[in-house]
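Here is the structure we will look at, set down as structure tokens.
In the text below, chain A, chain B and the rest are named by the order of the sequence lines, each starting its count at 1.
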Number of protein chains: 2
Amino acid sequence: MPTDAQPTSRVRAADELKQVALEQFATVGFAGTSLQHIADDAGYSKSSVLYHYASKEALLEAAIEPAIAEFEAVLDDFVGGRGSGGRRLLVDRIVDLLLEHREAVHVFIIQGPSLSHLPIIARANAAVRRLTEAINEQSVSVTDQVRFGIALGGAAFLLTAARSYVGDDQRPTDDEFRVALHAVLGESLAPADRDSTPTTD
Amino acid sequence: MPTDAQPTSRVRAADELKQVALEQFATVGFAGTSLQHIADDAGYSKSSVLYHYASKEALLEAAIEPAIAEFEAVLDDFVGGRGSGGRRLLVDRIVDLLLEHREAVHVFIIQGPSLSHLPIIARANAAVRRLTEAINEQSVSVTDQVRFGIALGGAAFLLTAARSYVGDDQRPTDDEFRVALHAVLGESLAPADRDSTPTTD
DNA sequence: GCAGGATCTGACCGATCGGTCAACTATCTT
DNA sequence: AAGATAGTTGACCGATCGGTCAGATCCTGC
């Protein structure tokens with residue numbers, strides 16, 4: 001029984017559907033995505049989608065739960081091991097999270113407020129609120145809070161929106177994005193020690 | 001015929017519907033909003049909505065067109081009168097635009113990529129792309145482009161998302177928002193002259 | 001080769017979608 | 001008072017929504 005090389009059609013189909021659904025959730029929104037459209041894009045029937053996932057909501061949960069779990073882990077490490085260099089590590093890990101799970105982050109950050117009735121989104125919103133409070137606890141000025149909110153929403157927006165605003169040829173690579181995100185988010189989340197942000201070249 | 005004091009039930013009803021629709025478009029998205037829900041919230045029937053506006057799309061256009069027109073005006077002044085202090089004036093006017101038309105800006109910035117098939121949104125997307133190119137023309141580094149994208153999307157996200165992340169009591173007032181937005185967007189869009197941004201306290 | 005589970009699909013369901021239409025009422029003009 | 005006009009609405013339409021179900025097909029172990 002093949003578990004590594006050929007990934008057994010079951011998990012392969014489920015993963016395909018999950019990936020297709022995630023892209024659509026991030027690009028046209030959860031409400032704007034239909035199971036029929038997901039099925040069409042993935043090359044299955046709508047019934048097959050509902051065979052692998054009990055409901056549209058279950059499909060959303062399967063698609064974004066890993067990203068939320070990692071986000072919670074990053075958050076726990078940050079609020080747990082509080083210290084001087086904590087913010088720089090936070091920026092490191094958030095940038096990685098953004099690049100690896102950009103669609104999922106877009107869903108639960110940008111669409112989070114409007115989908116809070118879904119348990120998985122409510123969980124993500126709670127994590128975002130925890131992070132917000134942890135940040136605001138140290139810097140109480142409204143400007144710092146706005147800086148944080150803009151960085152959070154802007155980063156989530158940018159990685160999936162860039163696709164439609166600039167052509168494929170001149171869109172930055174992921175490595176370029178990583179460097180730039182590190183610099184920009186570093187300025188927003190760790191504005192105190194500004195010495196180690198080289199502002200690129 | 002009263003044109004000032006009592007706003008004649010026609011325009012009053014139309015304005016009410018426009019405002020209710022705009023709030024829903026911004027909070028749950030264009031695709032996630034139904035004419036029935038708009039009608040219910042405004043206290044009319046769905047037929048009445050379609051009497052005042054020919055279609056859901058026409059309602060969207062009426063709701064966000066003024067904001068787009070003002071955005072285009074700000075953009076024209078910026079690319080036309082190019083100069084040293086141009087960026088600070090740009091920040092001034094964009095902050096005003098954000099505060100006055102926050103729901104509309106949220107719609108055509110955040111949902112712009114997914115609604116580009118609607119003519120009014122395509123027009124807004126073209127304006128956003130013009131602004132992007134005007135900014136990138138002067139600063140070619142990827143970091144500056146990312147900084148701009150985050151500022152744009154983040155500001156659009158923040159003003160309508162803040163409602164759901166912090167309670168009414170501790171949410172900043174519009175004046176506080178204006179000061180903070182001015183500082184944060186100033187750093188992102190006019191990073192050259194950093195002397196007047198006090199980097200908070 | 002055959003039984004049995006896994007996978008996939010078409011037909012169908014009630015609900016809701018955006019939109020049309022005819023009828024009803026309120027208001028204004030003459 | 002009468003007619004025209006503007007505003008509002010319920011009934012209805014075809015399409016699509018998320019979801020159910022019974023069967024068809026495929027694959028595996030015996």
Which whole-number value in Å describes the distance from Y44(A) OH to dT25(D) P?
18 Å
Of the nucleotides dT9(D), dT20(D), dG19(C), which has the atom closest to the S47(A) side chain?
dT20(D)
Below 30° counts as parallel, above 60° as perpendicular, anything between as tilted: where do the rings of Y44(B) and H52(B) land?
perpendicular
Return the orientation label for the F71(B) and F108(B) ring planes: parallel under 30°, perpendicular over 60°, tilted otherwise.
tilted
Non-hydrogen atoms of A151(A) and L185(A) that approach each other most closely
CB-CD2, 3.7 Å
For S114(A) and T27(B), which heavy atoms make the closest approach, and how far apart are they?
CB-O, 2.9 Å
Candidate nucleotides dT9(C), dT9(D), dG19(D), ranked by approach to the side chain of S45(B) - the nearest
dT9(D)
Of the listed nucleotides (dC8(C), dG19(C), dA6(D)), which one gets closest to any side-chain atom of Y51(B)?
dA6(D)
Rounded to the Å, how far apart are L35(A) CG and dC12(C) C1'?
16 Å
DNA chain D contacts made by residues 59-67 of chain A, counting heavy atoms under 4.0 Å
none
Contact between F25(A) and H106(A) at the side-chain level, heavy atoms closer than 4.5 Å - yes or no?
no
Within this structure, what is the CD-to-P distance between Q36(B) and dC17(C), rounded to whole angstrom?
7 Å
Select from H37(B) and V49(A) the residue whose nearest nucleotide in DNA chain C is closer to the 5' end of that strand.
V49(A)
Select one nucleotide: of dG18(C), dA11(C), dC17(D), the one nearest the side-chain heavy atoms of S34(A).
dC17(D)
On a plain distance test, is the side chain of K46(A) in donor-acceptor contact with the base of dG18(D) below 3.5 Å?
yes
Pairing donors with acceptors under 3.5 angstrom, does anything connect the side chains of Q36(B) and D40(B)?
yes
Whole-Å gap separating C1' (dG18(D)) and CG (L118(A))
14 Å
Within this structure, what is the CZ-to-C1' distance between F30(A) and dC17(D), rounded to whole angstrom?
12 Å
Are the charged groups of E65(B) and R123(B) less than 4.0 angstrom apart, N to O?
yes
Among dT20(C), dG18(C), dG19(D), which is the nearest nucleotide to the side chain of L50(B)?
dT20(C)
Does a side-chain N or O from H52(B) land closer than 4.0 Å to OP1 or OP2 of dT8(D), or not?
yes
